[in-house]
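Below, chains carry the letters A, B, ... as their sequence lines are ordered, and counting in each starts from 1.
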Protein chains: 2
Amino acid sequence: MKPKMTLKKIASELGLSISTVSKALKDNKDISKENREKVQAFAKFYNYRPNSVALSLKNKRTKTIGVIIPEIVHHYFAKVISGIEEVANSKEYNVIIGVTNESYNKEIINMEMLIDGSIDGFIISLSKETLQKADYTHLQETINQSIPIVMFDRAVDEIPSDKIIIDDREAGRMAIQKLIDEGRKKILLLTTKDYLNIGRLRTEGYKDALAANRIPFDEDLVVRIGELGDSDEDQRILEERINKVFELHPDIDGIFGVNEIYAVTALNVARLRGLDVPEALSVIGFSDGILSKYARPHLTTVSQHGFQMGEIAAQTLINRLEQMDNGLETPYTTQVVKTDLIIRDSTLNQVVQKK
Amino acid sequence: MKPKMTLKKIASELGLSISTVSKALKDNKDISKENREKVQAFAKFYNYRPNSVALSLKNKRTKTIGVIIPEIVHHYFAKVISGIEEVANSKEYNVIIGVTNESYNKEIINMEMLIDGSIDGFIISLSKETLQKADYTHLQETINQSIPIVMFDRAVDEIPSDKIIIDDREAGRMAIQKLIDEGRKKILLLTTKDYLNIGRLRTEGYKDALAANRIPFDEDLVVRIGELGDSDEDQRILEERINKVFELHPDIDGIFGVNEIYAVTALNVARLRGLDVPEALSVIGFSDGILSKYARPHLTTVSQHGFQMGEIAAQTLINRLEQMDNGLETPYTTQVVKTDLIIRDSTLNQVVQKK
DNA sequence: GTGAAAGCGCTAACAC
DNA sequence: GTGTTAGCGCTTTCAC
C-alpha cells in the first residue's frame, strides 16, 4: 500500500527543501537542471499528484461546479448533466450533483451544503415548489456572497444571473402551427399548472398560433395537469383524465403535450379509442426523450436540446468564474437555445393547403 | 455583497482569539458562557459556515464520494445515482459524478482527476471498454492508495472490493422459466456480446432454464448484439437484425431481451409482423426503465432495483469509510440484490399446466 | 477562561 | 540555486 506522496515526503526523501521540490516540479529555471530532473523522475515514479484540497484552500477556488436539479431520473435533466460534464471535464472542473426532488427545502439544504466553499459556482434548475412559493432569497444570498449562479430551463426574472432557456412560447407556437398546417382545427393542449413557466409559456404559444390563424380559443381544450408521480396509479389517472376529454370532444384532431409523458399517454389513449394516428389525429410532444422515439408511431416532438443547454450553461459559468478571477464583472446574459421540430410518424408528412 | 465569514474575522471583530472563537462555536465549556453566547450570536447573524476545504485539509477526509458510471442518460444509472444521492445526503456526504461514456481512458482520467484528494472513496460501474480490455490496474492502484472502491452492477472478480450486484444468471433463469411455464417452447434470446458479464450471465440463466426443462438449446435462437448507439440508424439496424431471425424462425413464441431496448424493439418488430402479444408470443425485458412501462402492451420485465442498489452501494462505502477512520479493516462483502419479475401485459397471466 | 502555536499540503515572496 | 517564511481556514494541544 503506497502511502500518499506529498511535497514534504519528496523533499525529505531527496534531501531538498519543500519549496525547491515545488519549483522543480514546475520546471522552474531557478532550480538546477540536475535537481529538476531528479525531482521530476522521483515524483513520476511515485505517482505524485498535488493535493487538490490544499490547492483549493490556497487558491480559494475549488474548480468544482455545483449542479442543482429537481430530478435526475429524467431524460432531459440527465442530458443536461451530460452536457455539463462534458464541458466541465474538458476544463478540468469537477461536477457535484444535488437533487431537490422538486422540494424547496431540499433545494436550500443542497445549496447550503455546497456554499461552504465546496464549489465555485452553481448551475441550477429550480424546483417546482420554489417556483410555486416564488421565494428566491436563497438564490439572492448566494449571489450576494459572490457565488455566481447560472439558471437553466426553470429560470426566473426576479434573480439577476446568467440564464439559459428555450423560447417555450415560440416552441409551442411552432408546434401548433405545424398541426394547423396539417389542417387540424380542434387541438387539445395538455399542459402543466400555470406556476410552471414552461407550461404557461407553451400555453401562450398555443394561443398565439390559434390567434394567428383565426381559430377561436376554447378553454375546454386546455387540460392543466397537476402533480403526477411515476407510479402506475398516477399514470392511470392521467389516462382517465385524457379519456374524459375525448368523450366530451370526440372530434379532436390534434394533440400537443408539453412533455413526453403527456404526449405519449395521449397517443396511447387515442389509439385505444380506435383513432388512427396520424391519419385521424396528429400528436406532438415536447422533449427529445427516449419515450417519443420508441412510441408507436414514433412521436413527433419539439426537441429541447438538453445536452446543448448543459454545455452552454457550463461554458457560461466557467467563463464568468474565470472573469471573476481576473476581477472582471460582465453583465448577465440570457441565452435562448433554439428548439426545432423533430418530425416523426405521429404527424402528417404532407401539409394541407391553407384555404 | 457580504464577504465570506471566517473565524479570523469573527475573532478580530469581537476582540477574541481565533481559538476562543472556534471553541465557543463548539459550545466548549472552557469558554465563558458570556463569550460563547456572544460568538454564537455573531456567527449566526453573519451566517458563518466553517470552510469545508479547510476542514477537509485538516481532517484528511472530504466527505465526498466519487461516482464513476458509464453513462448518465440511462434510466438504470440515473436511478442508481438517485439512490446514492439519497443516502449520501442523509449522511452529509457530497457526490461527484464522473461519466466514462464506456471508455477505458475516460474511466482512468476521471478517476485520476478525483484521486488527488478530492474524494474519500469511489462507487463505480466499469465501462464496457474496461471489461473488454480486462485491465484493472487503475482500480488496484486506487485501492493500494487506501481509497476504497465499491463496485456495482459491472463488477469483476479480479478486484478485491465491496460489490453490489444482482444475480444475473438467476434473473435470466427466472424469466425464461416464466416463459416456459406459459407453455413457450421456442424462446429467442437477445443478449450482448459475452465480454459483458451481464449479458453472459443472463445467457447462462437462459441455458439453465432450458436444461432444467429438457428443452434443447439452439444456438440459432441466441442473438448476440454488439455496440449500438442511440441513433435512429442504429435502431433500424437492430430492428433489421431481429426481423431476420423471425424470417428464419417464424414460430418463435417467446422473447427474452437482456435490456429494455432489445425487448421493446423485439416487441415492436413482432407486432409489425402481425404477431399478437401476448397471445402468440410473450416478451420479457430486463430493467425497470421507463420504456417498458409505456410500451404497448406494457412490458413484463425483470426489475433491476437501481435505486436500491445505489442506496446499498453508498451505505456500504460510507460504512467502510467510517470503519477506516476508526482503524478497522473489515473483509470485503458482495451483496446480491434480489431481482423480481414485474408482470405486465406482454406475457400471459395464466400459467399453462406442465405436462 | 483565554490565547499562542503547530500542523494539514501547497505556493510564492523574499532571504541567503 | 536553494531554503525560510508566511499564509490559505481550521482544530487541538498546551501554556498562561
Side-chain angles (χ1 to χ4, degrees), chain A residues 2-40 42-43 46-64 114-120 145-146 325, chain B residues 3-40 42-43 46-64 114-120 145-147 325:
Chain A
K2 286 186 213 170
K4 189 135 292 162
M5 258 302 145
T6 66
L7 287 190
K8 199 177 176 177
K9 277 187 205 145
I10 301 184
S12 85
E13 209 70 32
L14 259 41
L16 293 169
S17 79
I18 293 179
S19 61
T20 302
V21 173
S22 172
K23 284 179 194 152
L25 284 172
K26 297 204 153 41
D27 215 32
N28 187 321
K29 302 299 177 203
D30 271 6
I31 309 301
S32 68
K33 185 155 193 195
E34 198 183 9
N35 271 340
R36 267 184 283 154
E37 282 170 356
K38 189 162 69 179
V39 170
Q40 287 170 14
F42 189 93
Y46 282 102
N47 221 313
Y48 168 78
R49 314 229 58 217
N51 180 305
S52 76
V53 174
L55 283 180
S56 296
L57 185 58
K58 184 114 226 336
N59 303 333
K60 293 163 149 286
R61 50 204 316 286
T62 58
K63 293 215 104 190
T64 301
L114 298 178
I115 228 167
D116 60 2
S118 302
I119 51 98
D120 295 338
Q145 298 189 29
S146 358
D325 269 358
Chain B
K4 189 134 294 163
M5 258 301 147
T6 65
L7 286 190
K8 198 176 176 179
K9 278 187 202 145
I10 300 183
S12 85
E13 209 71 30
L14 258 41
L16 293 169
S17 78
I18 292 178
S19 57
T20 303
V21 173
S22 172
K23 285 176 193 155
L25 284 172
K26 298 206 149 40
D27 214 33
N28 186 321
K29 303 298 179 203
D30 272 6
I31 309 301
S32 69
K33 185 157 193 187
E34 197 182 12
N35 271 340
R36 267 184 283 154
E37 281 169 358
K38 191 161 69 176
V39 169
Q40 288 169 15
F42 189 91
Y46 282 102
N47 220 313
Y48 168 77
R49 317 230 55 219
N51 180 302
S52 74
V53 174
L55 283 180
S56 296
L57 186 58
K58 185 118 222 354
N59 302 333
K60 293 167 149 283
R61 49 203 320 286
T62 58
K63 293 213 105 191
T64 301
L114 298 178
I115 227 169
D116 59 3
S118 301
I119 51 99
D120 294 338
Q145 299 188 27
S146 0
I147 298 175
D325 269 358

- Note on the structure: Residue pair B/G15/A/P50 against DNA chain C: nearer the 5' end by closest nucleotide is B/G15
- Task: Kindly say whether A/R61 contributes a backbone atom to a donor-acceptor pair with the side chain of A/N59 at under 3.5 angstrom?
- Result: no
- Do side-chain atoms of B/D120 reach the backbone of B/K63 as a donor and acceptor pair under 3.5 angstrom? yes
Please classify the nucleic acid contact of [X] as base, sugar-phosphate, or nothing, using heavy-atom distances under 4.0 Å.
X: A/L55; value: sugar-phosphate
X: B/S32; value: sugar-phosphate
X: B/K58; value: base
X: B/D30; value: base
X: B/L7; value: base
X: B/N35; value: sugar-phosphate

Given [N], is OP1 or OP2 found less than 4.0 Å from the side-chain N or O atoms of [X]?
X: B/S22; N: D/dC10; result: no
X: B/K8; N: D/dG7; result: no
X: A/S17; N: D/dG3; result: yes
X: A/Y48; N: C/dG9; result: no

- Hey, what do you get for NZ (A/K60) to CG (B/N51), rounding to the nearest 0.5 Å? 7.5 Å
To the nearest angstrom, how far is [X] atom [atom1] from [N] atom [atom2]?
X: A/I31; N: D/dT4; atom1: CD1; atom2: P; value: 13 Å
X: B/E34; N: C/dT2; atom1: CD; atom2: C1'; value: 13 Å
X: A/M5; N: C/dC10; atom1: CE; atom2: P; value: 11 Å
X: A/L25; N: C/dA12; atom1: CG; atom2: C1'; value: 15 Å
X: B/K4; N: D/dC8; atom1: NZ; atom2: P; value: 15 Å
X: A/N59; N: D/dG7; atom1: CG; atom2: C1'; value: 12 Å
X: A/I18; N: C/dG9; atom1: CD1; atom2: P; value: 10 Å
X: A/N28; N: D/dG1; atom1: CG; atom2: C1'; value: 10 Å

Taking all non-hydrogen atoms of both residues into account, name the closest pair between [X] and [Y] and its distance.
X: A/S118; Y: A/T64; value: O-CB, 3.7 Å
X: B/S22; Y: B/L7; value: CB-CD1, 3.8 Å
X: B/I10; Y: B/A43; value: CD1-CB, 4.3 Å

- Considering heavy-atom distances to DNA chain D, does B/R49 or A/K33 have its closest nucleotide positioned more toward the 5' end? A/K33
Side chain of [X] (C-beta onward), nearest among [options]:
X: A/S19; options: D/dC10, C/dT11, D/dG3; value: D/dG3
X: A/L57; options: C/dC10, C/dT2, D/dG9; value: D/dG9
X: B/K60; options: C/dC8, D/dG3, D/dT11; value: C/dC8
X: B/T6; options: C/dG9, D/dG9, D/dT4; value: D/dG9

- Do B/K23 and C/dG3 share a donor-acceptor pair, side chain to base, under 3.5 Å? yes
